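All values below come from the heavy atoms of this structure, side chains included, with hydrogens, waters and symmetry mates left out. These numbers were taken from a predicted model, which means no experiment stands behind them.
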Amino acid sequence: MNDPILVTRSSMPPMEEYLEEIKSLWDTRFLTNMGPKHQELQERLKAYLGVQRIDLLTNGHMALELAMQALGLTGEVITTPFTFASTTQAIVRNGLKPVFCDVNPNDYTMDVTKIEELITDKTSAIVPVHVYGNVCDVEQIRRIAEKHHLKVLYDAAHCFGVRYQGRGIGDFGDASCFSFHATKVFHTIEGGAVCFRDERFGETLGALKNFGLRDGIATEVGANAKMNEFCAAMGLCNLRHIDEEITKRKAAVDCYRSHLEGISGISLCPVQKDVVQNYAYFPVAFDREAFGADRDQILQRLSEENVFARKYFYPLTSTFPCYGNQFDPKTTPVALRLSSQILTLPLYAELDCADVDRICELILSCKR
Ligand SMILES: *Cc1c(COP(=O)(O)O)cnc(C)c1O
């Protein structure tokens with residue numbers, strides 16, 4: 001039996017490089033609370049991501065939760081159910097009501113033709129997801145938001161380093177939240193960031209991540225979501241290797257595409273125009289009728305050969321038991337269909353083309 005191929009594998013800098021990076025912490029004993037590593041990573045990421053302002057947090061989820069709070073959202077928020085649990089949980093934990101908009105069948109981001117019909121006098125924001133690193137229709141979303149005086153908060157957890165028309169993806173909307181979780185393209189072990197333009201928003205967010213404190217007095221009901229120095233040091237190391245990381249991922253993706261493009265019953269995400277991609281995921285949708293096998297059968301066949309793909313995203317977040325039966329997934333039919341058809345295939349920098357060949361061979365052997 002071949003060695004298992006997992007859906008992802010965290011990239012690590014050379015161990016010596018990390019040890020070198022954290023050495024000074026034994027002298028300074030400055031382990032957290034916005035120390036020098038935190039500040040340096042913040043500056044470097046601002047430049048790399050091409051954003052005006054950025055604040056670092058413990059994880060992507062707290063970035064979303066506290067960004068929503070700092071934006072002062074109320075009532076209803078239009079979002080997508082075709083995402084990781086975090087997006088919807090952050091909305092609900094802010095006491096807001098998620099209103100689920102369907103996704104478009106091409107790149108699986110929010111279907112902008114269906115947003116306006118969901119707006120009510122209670123709507124305060126749109127929270128779209130650049131899912132799999134695919135860029136949302138940022139122009140149309142901005143137009144709708146301006147017309148209806150709504151805030152826009154992007155869940156940018158999947159799109160570290162992605163650029164649209166030469167602009168960093170984190171520069172769109174009122175704020176964008178990144179995740180630096182170990183499984184993401186760039187990671188700080190656990191970590192996250194909020195990118196934004198408004199200085200006042202930044203001050204509120206800065207207080208919220210530190211117990212709501214300003215000058216020792218709580219002016220907001222805050223949390224503790226500060227990135228510590230060991231995580232920031234991991235980020236500094238990983239950032240030195242990020243371009244190489246993305247180039248390697250691209251090679252694996254090119255290999256997948258060469259096998260799977262144009263096969264009936266298989267849909268791949270299109271390469272978007274004017275977008276610099278990060279090759280974060282390789283989602284494949286299987287149409288059972290046309291392909292002759294369904295997603296679950298393919299997942300099973302792969303696992304028999306020690307290859308582990310992932311049903312990402314299944315089920316839709318709107319159907320999670322923690323929300324009871326509040327939401328009807330039939331109101332988002334495209335997302336519902338996709339969630340039954342999609343698999344994300346193994347993808348990480350060290351995945352070599354021979355492995356991709358074998359994975360694709362297995363998949364194609366399921367075709368009837
Ligand atoms: C990973 C992820 C998050 C949460 O990020 P964490 O850093 O794991 O808290 C949020 N949204 C999406 C779409 C994600 O994939």
Side-chain angles (χ1 to χ4, degrees), residues 41-57 60 63-64 67-68 70-71 78-80 83 87 103-104 106-112 115 125-180 184-188 191-202 205 235 238-247 249-250 253 269-281:
L41 183 60
Q42 197 157 281
E43 288 312 306
R44 290 193 189 282
L45 285 175
K46 195 160 72 179
Y48 186 84
L49 295 174
V51 294
Q52 304 228 332
R53 298 177 201 277
I54 185 169
D55 201 357
L56 307 182
L57 288 90
L64 282 168
M68 284 175 202
L71 286 171
I78 296 171
T79 188
T80 145
T83 182
T87 324
V103 297
N104 76 64
N106 306 312
D107 59 25
Y108 317 150
T109 64
M110 192 178 274
D111 184 340
V112 292
I115 296 175
I126 309 173
V127 178
V129 181
H130 298 297
V131 67
Y132 305 126
N134 292 342
V135 172
C136 295
D137 187 341
V138 289
E139 273 133 37
Q140 192 58 22
I141 289 170
R142 181 178 54 77
R143 257 178 247 128
I144 294 168
E146 275 175 5
K147 180 171 159 200
H148 298 274
H149 309 289
L150 305 176
K151 302 278 191 205
V152 178
L153 174 65
Y154 283 106
D155 183 336
H158 290 179
C159 58
F160 186 88
V162 169
R163 302 182 82 85
Y164 176 61
Q165 294 185 336
R167 234 171 108 190
I169 198 65
D171 201 32
F172 292 87
D174 292 282
S176 295
C177 296
F178 288 91
S179 163
F180 306 150
K184 303 296 205 285
V185 170
F186 166 81
H187 78 85
T188 61
V194 184
C195 301
F196 53 95
R197 289 155 166 268
D198 183 47
E199 199 174 344
R200 294 274 305 279
F201 168 88
L205 181 69
N238 282 334
L239 195 57
R240 293 186 198 113
H241 303 280
I242 187 69
D243 291 337
E244 188 191 340
E245 165 85 19
I246 292 173
T247 304
R249 284 174 170 271
K250 178 181 188 305
V253 165
C269 284
V271 177
Q272 293 180 304
K273 197 168 157 286
D274 297 331
V275 171
V276 175
Q277 297 177 261
N278 69 353
Y279 309 96
Y281 298 92

Rounded at 0.5 Å granularity, tell me how far [atom1] in [X] sits from [atom2] in [Y].
| X | Y | atom1 | atom2 | result |
| --- | --- | --- | --- | --- |
| I242 | H187 | CD1 | NE2 | 9.0 Å |
| T80 | D155 | OG1 | CG | 9.5 Å |
| L71 | F201 | CG | CZ | 4.5 Å |
| T79 | I126 | OG1 | CD1 | 10.5 Å |
| L153 | L64 | CG | CG | 6.0 Å |
| E245 | R240 | CD | CZ | 15.0 Å |

Side chains of [X] and [Y], heavy atoms from C-beta outward: is any pair under 4.5 Å?
| X | Y | result |
| --- | --- | --- |
| V129 | M110 | no |
| Y164 | D274 | yes |
| Q277 | V253 | no |
| D198 | D174 | no |
| C195 | D171 | no |

**Request:** Might you confirm whether atom NZ of K151 has over 12 heavy atoms from other residues, nucleotides or ligands at distances under 6.0 Å?
**Result:**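 At most 12 heavy atoms, drawn from other residues, nucleotides or ligands, come within 6.0 Å of this atom.
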
**Asked** For R53, does the CZ atom have more than 12 heavy-atom neighbours from other residues, nucleotides or ligands under 6.0 Å away?
**Response**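 Correct, the count exceeds 12.
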
[X] and [Y]: which non-hydrogen atoms are nearest, and at how many Å?
| X | Y | value |
| --- | --- | --- |
| P128 | I141 | CG-CD1, 3.9 Å |
| A63 | A193 | CB-O, 3.7 Å |
| C177 | A67 | SG-CB, 3.9 Å |
| L49 | G161 | CD2-N, 3.6 Å |
| V194 | A175 | CG1-CB, 4.0 Å |
| V51 | G170 | CG1-C, 3.6 Å |

**Asked** How are the rings of Y154 and H130 set to each other: parallel, tilted or perpendicular (split at 30° and 60°)?
**Response**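 The rings of Y154 and H130 lie parallel, inter-plane angle below 30°.
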
**Request:** Describe, in one word, how the ring planes of F160 and F178 are oriented to each other, choosing from parallel (under 30°), tilted (30 to 60°) and perpendicular (over 60°).
**Result:**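 Answer is perpendicular, since the angle exceeds 60°.
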
**Message:** We want to know whether Y281 and N134 form a side-chain donor-acceptor pair, criterion being a heavy-atom distance below 3.5 angstrom.
**Reply:**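 Y281 vs N134: no donor-acceptor pair found between side chains.
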
**Message:** Looking at N278 and I246, would you say the former's side chain and the latter's main chain have a donor-acceptor pair under 3.5 Å?
**Reply:**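 Between the backbone of I246 and the side chain of N278 there is no qualifying donor-acceptor contact (under 3.5 Å).
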
**Asked** Between L56 and T188, does a side-chain contact (heavy atoms from CB on, under 4.5 Å) hold up when you go through it step by step?
**Response** CA-CA 10 Å; L56 307 182; T188 61; over 6 Å; no

**Request:** Determine, stepwise, if the pair F180 / L45 fulfils side-chain contact (heavy atoms from CB on, under 4.5 Å).
**Result:** CA-CA 12 Å; F180 306 150; L45 285 175; 3.8 Å; yes

**Asked** For V131 and T83, what are the C-alpha separation, side-chain angles and deciding distance, and is it a side-chain contact (heavy atoms from CB on, under 4.5 Å)?
**Response** CA-CA 7 Å; V131 67; T83 182; 5.8 Å; no

**Item:** Pair N104-T109, side-chain contact (heavy atoms from CB on, under 4.5 Å): steps then yes or no
**Value:** CA-CA 6 Å; N104 76 64; T109 64; 3.3 Å; yes

**Charged tip of R142 within 45° of F172 ring normal and under 6.0 Å** =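 Relative to the ring axis of F172, which defines the angle, R142 lies outside at least one limit.
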
